[in-house]
Protein chains: 2
Amino acid sequence: MTKQIVRIKDIAERANVSTGTVDRVLHNRGRVAEDVRQRVTKIAEELNYEPNLLARTLVNNKVYHIAAIIPDPKADSYWQAPKSGIDKAEEELKRYGIRVTHFIYDSLDAASFTRAAGKVEELAFDGILVAPIFYRESLAFLNKWKSSKVPFVQFNTHIPAYEPLMYIGQDSYQSGVLAGKLMHYGCREKATFVVAHIEEDIQNSTHLIHKEQGFVDYFSSHGQEGFYTVIQKDLKATAQHTIAQQLDSLFEEETQIKGIFVTNSKANIVATYLQKRQITHVRLIGYDLIEKNLHFLNSETIDFLINQNPKGQGYWGIYGLADHLVFKKKNNPIKYLPLDIITKENLQYYIEADI
Amino acid sequence: MTKQIVRIKDIAERANVSTGTVDRVLHNRGRVAEDVRQRVTKIAEELNYEPNLLARTLVNNKVYHIAAIIPDPKADSYWQAPKSGIDKAEEELKRYGIRVTHFIYDSLDAASFTRAAGKVEELAFDGILVAPIFYRESLAFLNKWKSSKVPFVQFNTHIPAYEPLMYIGQDSYQSGVLAGKLMHYGCREKATFVVAHIEEDIQNSTHLIHKEQGFVDYFSSHGQEGFYTVIQKDLKATAQHTIAQQLDSLFEEETQIKGIFVTNSKANIVATYLQKRQITHVRLIGYDLIEKNLHFLNSETIDFLINQNPKGQGYWGIYGLADHLVFKKKNNPIKYLPLDIITKENLQYYIEADI
DNA sequence: CAAAAAAATGTGTTCGAACACGCAAATATT
DNA sequence: AATATTTGCGTGTTCGAACACATTTTTTTG
């Protein structure tokens with residue numbers, strides 16, 4: 001029952017060879033007689049040998065350069081969290097030679113993404129962490145990285161294919177379903193629900209479309225035909241109309257609105273509106289624990305926020321690359337983070353949590 | 001900007017002493033001239049020296065014995081999860097000399113706890129992880145461990161004082177508040193809510209009382225006087241009455257029941273009842289992702305389960321002890337785990353999650 | 001003042017894995 | 001047959017920290 005640690009030396013003794021030979025076998029460095037190779041392999045398996053990562057990394061002092069391509073946290077505070085997760089991971093991993101260089105782009109400007117990713121292209125990194133929020137612009141780069149075999153990790157937005165090392169983030173569709181459930185649980189009467197995309201180019205943002213689809217699908221499988229109505233609304237401030245004006249006319253046209261589901265982190269804009277118009281009977285569900293949203297969560301204007309664990313996304317993203325580059329561990333190619341339901345009453349534990 | 005790793009050797013060179021001297025200074029081993037000690041300390045601080053944990057643990061091959069005192073998973077399947085968290089941590093930490101011995105007691109028999117803890121007492125462990133679910137019986141042991149300076153970690157149930165190395169688990173009171181919120185969000189009409197303690201000796205289980213208190217307090221601060229009524233119910237199968245019979249009479253006496261909050265992992269017992277009686281308008285909220293509950297969560301008889309991350313509790317508990325014993329790191333004495341809200345739609349991500 | 005004791009400091013080995021290097025035996029080349 | 005080349009395998013060093021042990025310096029004591 002005593003758990004015994006198996007070392008290369010132990011294998012070597014049993015196989016009557018030197019540690020150097022075992023090392024060659026385990027790392028497929030060749031230069032070993034076939035019969036010896038088989039004997040050593042067999043013994044290693046029998047003893048259930050697992051390399052000591054510490055000793056391994058201790059001797060390895062290569063430096064690995066990772067590029068992180070993310071939106072500017074100053075423009076959209078949501079992106080502060082992934083950045084701090086990345087920084088935290090870098091801090092922990094610098095001992096193992098991990099160095100991260102940030103390439104910041106503007107989350108409202110697809111061309112700036114292309115520029116940032118282009119720079120990374122030129123510089124030859126050992127790994128790339130990218131939040132590919134612009135679908136069209138991302139494809140070309142994902143394709144290039146795939147063919148040049150640079151390991152890359154996608155987070156926040158899932159663009160399948162192109163064989164990323166891994167994807168880290170949420171299942172957007174399922175988070176829409178979850179929002180549907182929460183809306184439904186809070187409102188059993190006949191009602192109209194609004195899916196609101198705020199300040200987004202939805203045609204180029206697949207994950208928002210998935211969220212909407214999940215929400216719609218929830219209601220088509222719950223409650224009889226015609227009982228619940230879901231409408232979609234694309235809200236953008238224009239020269240002609242502010243968002244408040246657009247919401248005014250929405251509420252005029254649709255009198256049965258009992259809930260609004262905001263597909264990105266901008267639920268606070270709707271909350272501001274509801275508070276100003278003193279509308280209290282409308283349920284409001286959004287995303288992300290950013291400062292502006294938390295204020296309305298605490299005043300209970302926003303009922304629920306779905307948390308994407310953005311800090312964790314950055315953190316695990318860098319770790320995924322390090323596992324590949326430094327520790328030679330394999331990771332699951334898709335890491336779906338939990339869909340955390342946040343309300344005023346459990347908020348504090350998600351804010352305090354380190355990762 | 002290039003992050004430089006500072007080694008003992010670097011400090012030694014700058015201070016014009018040998019690495020041995022630096023080592024003595026850093027570990028307060030004495031036998032160093034005062035002026036040299038100050039010089040070295042100063043340089044270590046300036047360079048922001050942080051010991052390389054890997055190298056440290058590599059050389060240290062002491063074995064640390066930890067006792068885990070937990071209820072029998074076979075009797076109450078909830079306890080399977082902490083056990084597997086403990087096992088996982090042991091697996092990861094065995095390289096650093098961590099060995100865990102389990103002491104299992106019966107979660108329905110306080111005397112068995114005393115026996116298990118008594119055995120640990122005799123055997124002299126380097127650290128103890130304990131789920132002190134019996135308040136009275138735990139006090140004596142906590143006190144003994146405190147005075148004999150054995151580091152111990154409490155999890156699941158928080159009994160303050162006695163200076164544990166740390167407590168890991170939830171804030172029971174706040175989880176009751178959260179249950180209140182969820183109940184309230186799902187039911188805006190006049191209603192009666194039941195707080196049900198099932199098969200528990202509540203007088204000896206402080207955390208259940210805290211949950212009830214949180215739930216009650218939520219409703220006293222929301223909604224006007226008399227709109228919501230909260231009643232407490234202690235349900236235990238006896239020779240005279242089954243739990244179903246007790247629920248029958250409860251529903252006869254109280255006609256306005258719109259929700260039931262079960263304070264432990266036995267919500268499935270109420271769910272079975274509701275399903276048999278075909279009661280669908282009653283909201284049901286409980287705790288813990290055990291098999292029996294999940295079935296009713298999926299059939300939407302249980303609306304929400306609050307997850308205590310039991311696997312994480314065991315895992316982090318062992319890690320807390322290892323941080324202290326092996327890595328000499330300091331931990332926060334209270335680690336409140338998030339109050340995860342689980343519903344059918346986001347369940348899968350909490351089941352799959354490793355920790 | 002010299003010898004002994006105490007204090008201060010330096011040196012060398014260890015942990016487990018990786019890898020460069022070196023040497024011997026087997027095989028190939030002339 | 002002599003020499004070169006390949007193949008197979010062992011040895012020794014390295015990583016950073018810990019610690020035992022050795023050595024030097026200072027202080028105390030008879």
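A, B, ... follow the sequence lines: proteins, then strands. Residue 1 opens every chain. Note that these values count all heavy atoms, side chains included, but never hydrogens, waters or copies made by symmetry.
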Of all heavy-atom pairs linking Pro151(B) and Asp126(B), the shortest is CG-O, 3.2 Å
Does a side-chain N or O from Tyr49(A) land closer than 4.0 Å to OP1 or OP2 of dA17(C), or not?
yes
Per atom distances to the Lys62(B) side chain, the nearest of dC19(D), dA18(D), dT9(C) is dC19(D)
Look only at the side chain of Gln308(A) and the backbone of Leu337(A), and say whether a donor-acceptor pair between them is shorter than 3.5 Å.
no
Rounded to the Å, how far apart are Ile5(B) CD1 and dG16(D) P?
9 Å
Check every strand shown and say whether Tyr96(B) touches a base, only sugar-phosphate, or nothing at a heavy-atom separation below 4.0 Å.
nothing
Here the distance between atom C1' of dA18(D) and atom CZ of Arg56(B), to the nearest Å, is 9 Å
Separation of Asp35(B) atom CG from dT26(D) atom P, in whole Å?
12 Å
Could you list by number each residue of residues 9-34 of chain B showing a heavy-atom separation from DNA chain C of less than 4.0 Å, or answer none if no residue does?
Val17(B), Ser18(B), Gly20(B), Thr21(B), Arg24(B), Arg31(B), Val32(B), Ala33(B)
To the nearest Å, give me how far apart CG (Leu47(B)) and P (dA17(D)) are.
12 Å
Arg37(A)/Glu34(A) ion pair, N-O < 4.0 Å:
yes
Can you check salt bridge (charged side-chain N to carboxylate O under 4.0 Å, His left out) on Lys42(A) and Glu46(A), steps first, answer last?
CA-CA 6 Å; Lys42(A) 196 167 160 243; Glu46(A) 279 173 10; 3.7 Å; yes
Which residue, Ile11(B), Val40(B), Asp10(B), forms the side-chain contact (heavy atoms from CB on, under 4.5 Å) with Tyr49(B)?
Ile11(B)
Tyr319(B) side chain to Glu92(B) side chain, donor-acceptor N/O pair below 3.5 angstrom:
yes
In whole angstroms, the gap separating C1' of dA17(D) from CG of Leu54(B) amounts to 11 Å
To the nearest Å, how far apart are Leu58(A) CG and dT14(C) P?
17 Å
What's the CD-P distance between Glu50(B) and dA17(D), to the nearest Å?
11 Å
For Leu53(A) and for Val36(B), find the nucleotide of DNA chain C with the closest heavy atom, then tell me which residue's nucleotide is more 5'.
Val36(B)
Between Asn156(A) and Tyr167(A), what is the shortest heavy-atom contact and its length?
O-OH, 3.5 Å
CD1 of Ile8(B) versus C1' of dT14(C): gap in Å, rounded?
15 Å
